[in-house]
Each structure stands twice: as structure tokens, then as C-alpha cells.
Protein chains: 2
Amino acid sequence: MRDLKANTDTRERILDAAERLFMENGYEATSMRTITGAAEVNLAAVNYHFGSKEALLREVFRRRLAWLNRERLQALDRLEQQAGGAPLKPSQILEAFFGTLLRMGEDESLGGMTFLRLLGRTLTEPAEFIRTFFAGEYAQVIDRYKLALFSALPDVPKAEIVWRLHFMLGAMSYAIAGTDVLQVVTGCEVGDLAGEAVADDAGDTALARRLAQRLMPFLLGGLRAPLPQFQDLPTTRAAHSGGQQAQI
Amino acid sequence: MRDLKANTDTRERILDAAERLFMENGYEATSMRTITGAAEVNLAAVNYHFGSKEALLREVFRRRLAWLNRERLQALDRLEQQAGGAPLKPSQILEAFFGTLLRMGEDESLGGMTFLRLLGRTLTEPAEFIRTFFAGEYAQVIDRYKLALFSALPDVPKAEIVWRLHFMLGAMSYAIAGTDVLQVVTGCEVGDLAGEAVADDAGDTALARRLAQRLMPFLLGGLRAPLPQFQDLPTTRAAHSGGQQAQI
DNA sequence: GCTTCGATCAAACGTTCGTTTTAATTGTAG
DNA sequence: CTACAATTAAAACGAACGTTTGATCGAAGC
């Protein structure tokens, strides 16, 4: 019993430390010695429990994404069920997708803002094994939501929907990854922006909630924006009708 | 003459190779030996010409950002001058800011899409010296544009404008950084999305132009979206009027 | 009570990193 | 032709990296 306790304890101490340090420094710049030092475990423990540094990163994400993927799919299931075959409203779909994620930021037991920031930053990491991993972990969920948006917006070209989904993911990732990016870009504190003081520790969950409420209108506004016109693009195969509104 | 020629030649060969490799692998994962090998110069040349790896990265960006910052400020100057004191339209401001950047992607002599992707990815790098560098390089320009948006949108809370500027930067960074992120997330090629074939080499400049025309409506739609309501946020100091439209 | 086996530990492995040193080479001015 | 300063070249530096090894510990099985 103590044996098993120590086992999971060591594993999770490593995962917690790695999650925080990967978020703070990035994957490449975080050494095994830093991780095991912060977790107060032996250096060899990572390779013993996970096999390699790469496998550790994957496990850090698997631990959280298992919940997130399940929750996102369930949220969509619930919406489609209570709609009874009728197409969903885009705002419902975005709420299910982005709202579920941002709710992770409010719950420390799900990783909180630490994991959200890590996720946002890691999505742009160029390492091959990371992109491969995320492709496998994300594909199923993204595909479901893509299809939901397709039938929610039957008059908008599918290519346009995919592009805008990509834009939305970018806006969200930067928003959650970069409180420091925000500082760099804006030269002021997040707390000042929100119009209230934000404590670094406990204020994170409040930050996630406020972020969700600021982000969602922005994303919806972008999604339902007028379609591009491509007037000066001779290479475009089929000319879209100029200034067409996305039917939302 | 040959002397000076060789000098700048070595310097620029290093800068070109570093720009591409930093974009492909990230800063930490790109070694000096890989850079000097690709540039076909001696290993010591980097430390001789630039001093350190960090200084090399800074110079890679300085070379491009000097042009970008100047051009962005001039674009805003031009708009304000021909407006003659009247506030600008938000679409003009966004066009000056994001359009100028995306025009870099069409011009190989300004770095093309390689630099745009590098810029988008590096903005999220957690390394301290990188964030410090960007803060210094970006601060002046961002501040000018922030003020322009403030006076273009006098009825929108300034905090809201800064948040949405942040969201827009995120959407753009992901859009340009992640053709692979896009693949990961969507499971299809960018060329398929655009509805036309994209050659990896020469098609990049066309991609930049098309990206600009797809991104701009999205950003404008997000910027002029209804303001958030904060109905369930007891911590908010002053309650905004519910459902208020951004006056754009 | 001896064995067994998973978990932890200190120590070392070989490699690669960014940087430095020292010598050779280059083009140019006196 | 020589002297000089700038650049390139080859080699090595110590440090840090991810990983592996073999010993040690402690609780469960027969």
C-alpha cells in the first residue's frame, strides 16, 4: 500500500513539476535535472516511470487531454441531443468548445491556468514528435466540431469555416498562453486591463472566467464576419459574390 | 572591397540560415553547428560577427523589424495626415497594422513567409531575453496603434480594446506561424482549404496575399463584436450595460 | 526467514552544447 | 615587398544534456 502510494505519488509529483516547468520555460529549455529537482525525486525516476523526456511530455498532456476531449465531445452530444436533429447555433458550438477549455482554467485539479498556458504554448512548438502527438490527440474532437460548424453554417464555404476555426484557435491560444505576451505587447498588467487587481495565485481562476467572457464575443464576431471578396486575386477559381454576409 | 563583400556575405549567409532554421526548429533546438553548417561558414563565425547565439537571434529580428516598424508607423502617419485630424476607421488601422506585416510575406527580400512564420512562433517563446527584446522592439509601434484605436473607438472601454488587440495578434500569429498547426488541427492541406493548389516554394507569396484577405474580415468582425456582459461576475467593479454594442 | 520484485538511489555514461583560443589566411595600405 | 588589421579556419574547452547502470531498500509471497 505504501508501495503503491509512493509510486503514484512520485509519478504525479513529476507530472506536476514538468507541467509547470514546461509551461514556464518550454520543452527544450527545461532539463530533466530541473524537473526532478523541483519534484524532489531522483533523476532516474523520469526514465524509470515514463521512459524518456518525450514520453514525459506526452503523458503530461494525456493526463489532461483525456478529460478535455471527453468533456468536449459530451458537450456537443448534449447540445445535439436537445436540439433533436436541428442545426446548432454557432454560439452554442463555440461555447461548448472554448467554454469547456476555459473551465479547465478555473479548476486546479484539472491543471488550472498552468495547463492552459502550457497547451497554448506547446501548440506552436515546432518539434516533430509534438506535432504528431497533438494531431493524434486532437483530430477526432476537431473533426466533430468542424462538422457541427458545417451544418450550423450551411451557406458559408467550408474552407472559410476551417480558416476561421484556425483563427479562433489562435486567438484563444495567445489569450491563454500569453499573460506575459500581453504585457510585452501592451506594456501593462493584465489586472490593469481587467480593471481590477489580480492576485498571481488565486486570481488565476478568476482570470480564466473573465477571459472566457471577453473572448467569446470576439470569436463569435469573427466567425460571423462578412466573407472575403478576393477581388484582386486572379488565381481564385470561383469568384465569391462580393461582400456576402456569413449567414449566421 | 572583396574584404567588405566577404564580411557582409558571411554575415548575411548566417542570418539567412539562422532565420530559416529558427523558424523550422525553434531557438533552443537549433544548434550553432547546424546554422554554420547550413550557411557553409566556420563555426566560430557566429561568435565573431554577432558575439553569441542570443545576439544572433536578436540580429535576425532587428534586420526585419527595422523595416516593419518604420513601415507601420509611416502607414499610420499617412492615414492620419489624409484624415486631417478626424478619427480613423478601425478597418484602416487594422489594414495599416496587419496589412503591412502580411505584405512582408509577399516580398522575399523582406524575409517572406519564412520571417513571418518565425515571428509568429518566436512571440510565444518563453525565454526571458526574447520577451525582453520584443518588448523593446514592439513597444513604440504598438503604443501608437493602441492610441489610434482608442480615438477611433471612443465609446469602447480602453481595456476592451487592448484585449481585442491581443486577440487579433494571436489570431494573426497562429495564422501565419501555423501552416503545420493548421494541418494538425484540421487534418488537411492549406492548398485544399484555399480551394487551389499551393506550391511550397513560389506559392508562399500568394498564400500571404490570400491569408491577408481572409484574416482581415475576421479581425474586423471580432473587433466590432458586442461587448461582454459580465453578468455573473460579482468581482467586476463597474457593471457594463448589458449587451452593449461596440460603437464602430 | 528467505526470496522476489518493483521502486529509489548515487554515480557514471557518451554526446552535444555554446564558446574560446590560437594559428593561418586574406586583402590592403605604406 | 612588407606590415597590418580583419576575417576565416581548426581544435579544444568545460559544462550541461538525456540516458543507463548496478547497488540498495522495503514490503509482499510461499
Spacing of [X] atom [atom1] relative to [N] atom [atom2], expressed in whole Å:
X	N	atom1	atom2	value
A:Leu57	D:dG18	CG	P	13 Å
A:Phe50	C:dA7	CZ	C1'	13 Å
A:Tyr48	C:dC5	OH	P	13 Å
B:Arg33	C:dT20	CZ	C1'	12 Å
B:Asp9	D:dA6	CG	C1'	16 Å
B:Asn47	C:dC17	CG	C1'	12 Å
B:Asn42	C:dT26	CG	P	14 Å

What nucleotide, of [options], holds the atom closest to the side chain of [X]?
X	options	value
A:Lys53	C:dT8, D:dA9, D:dG18	D:dG18
A:Met32	D:dA10, C:dT8, D:dG18	D:dG18
B:Ala44	D:dA10, C:dA12, C:dT8	D:dA10
A:Ser31	D:dA9, D:dC17, C:dT19	D:dC17
B:Leu43	D:dT19, C:dT19, C:dT8	C:dT19

### Task
Using only side-chain N and O atoms of B:Thr10, determine if any of them is under 4.0 Å from OP1 or OP2 of D:dT8.
yes
### Message
B:Val141 and side chain to side chain contact (heavy atoms under 4.5 Å, CB included): which single residue from B:Lys146, B:Arg72, B:Arg70 fits?
### Response
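Exactly one candidate clears the test, B:Arg72.
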### Query
For B:Thr36, which contact category applies under a 4.0 Å heavy-atom criterion: base, sugar-phosphate, or nothing?
nothing
#### Entry: Sugar-phosphate only, base, or nothing, as touched by B:Thr34 at under 4.0 Å among non-hydrogen atoms
nothing
### Query
Which of parallel (below 30°), tilted (30 to 60°) and perpendicular (above 60°) describes A:Phe218 and B:Phe218?
perpendicular
### Query
If you measure from the Lys or Arg side-chain nitrogens to the Asp or Glu carboxylate oxygens, is any gap between A:Arg103 and A:Glu95 under 4.0 Å?
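Result for this pair is yes, salt bridge flagged.
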### Message
Among A:Trp67, A:Phe61, A:Phe22, exactly one meets ring pair (Phe, Tyr, Trp, His ring centres under 6.0 Å) together with A:Phe115. Which residue is that?
### Response
A:Phe61
